[in-house]
Amino acid sequence: MRIATWNCNSIRSRVDRAVAFLERHDVDVLTLQETKCRDEQFPLLPFEAAGYEVAHVGHNQWNGVAVVSRVGLQDVQVGFEGMPTWGDGEAAATEARAISAVAGGVRVWSLYVPNGRSLDDPHLLYKLDWLAALREAGTGWLAADPQAEIALMGDWNIAPTDEDVWSVEHYLGRTHTSDAERAAFSAVVDAGYSDVVRPHAPGPGTYTYWDYTQLAFPKRRGMRIDFCLASPALAGRVGGAFIDREERKGKGASDHAPVVVDLTDV
DNA sequence: ATGGTCGCTATGCGA
């Protein structure tokens, strides 16, 4: 089975690329982030015509996450236990940043971790709280079933090591590389979820995101911020992985490239 | 070749 994750940066503007990606790489399950649409706006038909089912949550033009599968889509869950809200008082809102389903026997999560914006922004605390809650929930899932096959896939908005950014200096004083963010990411790893792509896509210079501005992509100025973190049982099934850098090329590309993981049959 | 932001019921904001 082949599973993948992609921050598509609007599914309505990139549905053709998404379906072409699924077919080009014979992907069974795809998680999407930043669909940027409400549920009723999601372009279901092209996916269904290609043989896929879709579970999506989106409340407005921001965020939005989905699981796309041709190997079943059972027990859809929107959000996770303890997931923080954004905003104060009556404005506090549950954002569309997490959805999951069981596909092909694997509990697949599509996660869009809050950006953080800047180191002195309340959004950074939201990001850290969000990751701490995910760590807590993820710890519980493995405590309940140590053999569970769980994939935490998506845009984590964190570059875990210096090797995961094109310039350490460039990101000093900015989000994505701070000690606090890296600690929050490491805590999820320490809870039992390992980066199963890195062994198959070594660095340096291996990225999943390139800013639209300043010719970042042709200048190879990127970051590795999209990950598949796998539970121990699932990690044992990973036979290969790659980043589809080709998808970042050309007119109409997302600013993120898809990440693909191959699972051996059980 | 991959090319000096993009996408959103927007005209500023979030990324």
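Keep in mind that the numbers below use all heavy atoms, side chains included, and drop hydrogens, waters and symmetry copies. To find a chain, count down the sequence lines: A is the first, B the second, and so on, and within it residues start at 1.
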- request: Would you mind telling me which residue lines up with the more 5' stretch of DNA chain B, Q61(A) or G250(A), judged by nearest nucleotide?
  value: G250(A)
Residue Y212(A), side-chain heavy atoms: nucleotide from dT5(B), dT2(B), dC8(B) that is nearest: dT5(B)
task: To the nearest 0.5 angstrom, please state how far the OH atom of Y52(A) sits from the CG atom of L73(A).
output: 12.5 Å
query: Hey, are D164(A) and R198(A) close enough for a salt bridge, meaning a charged N less than 4.0 Å from a carboxylate O?
result: yes
query: OP1 or OP2 of dT9(B) less than 4.0 angstrom from a side-chain nitrogen or oxygen of Q41(A), does that happen here?
result: yes
Lys/Arg-Asp/Glu bridge criterion (N-O < 4.0 Å) met for R237(A), D265(A): no
message: If the cut-off is 4.0 Å, is R14(A) near the phosphate of dC6(B), judged by side-chain N/O to OP1 or OP2?
response: no
Residue Q214(A), side-chain atoms from C-beta onward, closest of dT2(B), dG7(B), dT5(B): dT5(B)
statement: Closest of dT2(B), dG3(B), dA15(B) to the K249(A) side chain is dT2(B)
query: Heavy atoms under 4.0 Å, any strand shown: does Y209(A) hit a base, just sugar-phosphate, or nothing?
result: nothing
query: Within the structure, does a side-chain N or O atom of R12(A) lie under 4.0 Å from either OP1 or OP2 of dT9(B)?
result: yes
query: Between D190(A) and R135(A), does at least one N-O distance fall below 4.0 Å, as a salt bridge requires?
result: no
task: Could you check which of dT5(B), dA15(B), dT2(B) has an atom nearest any side-chain atom of N115(A)?
output: dA15(B)
message: Under 4.0 Å, heavy atoms only, any strand: does R117(A) hit a base, just the sugar-phosphate, or nothing?
response: sugar-phosphate
- request: May I have the distance from N9(A) (atom CG) to dG14(B) (atom C1'), rounded to whole angstrom?
  value: 10 Å
message: Quick check: on DNA chain B, is the nucleotide nearest E34(A) upstream (toward 5') of the one nearest S13(A), or the reverse? Name the residue that is more 5'.
response: S13(A)
query: Looking for any heavy atom pair under 4.0 Å, which part of the strands does R38(A) touch: base, sugar-phosphate only, or nothing?
result: base
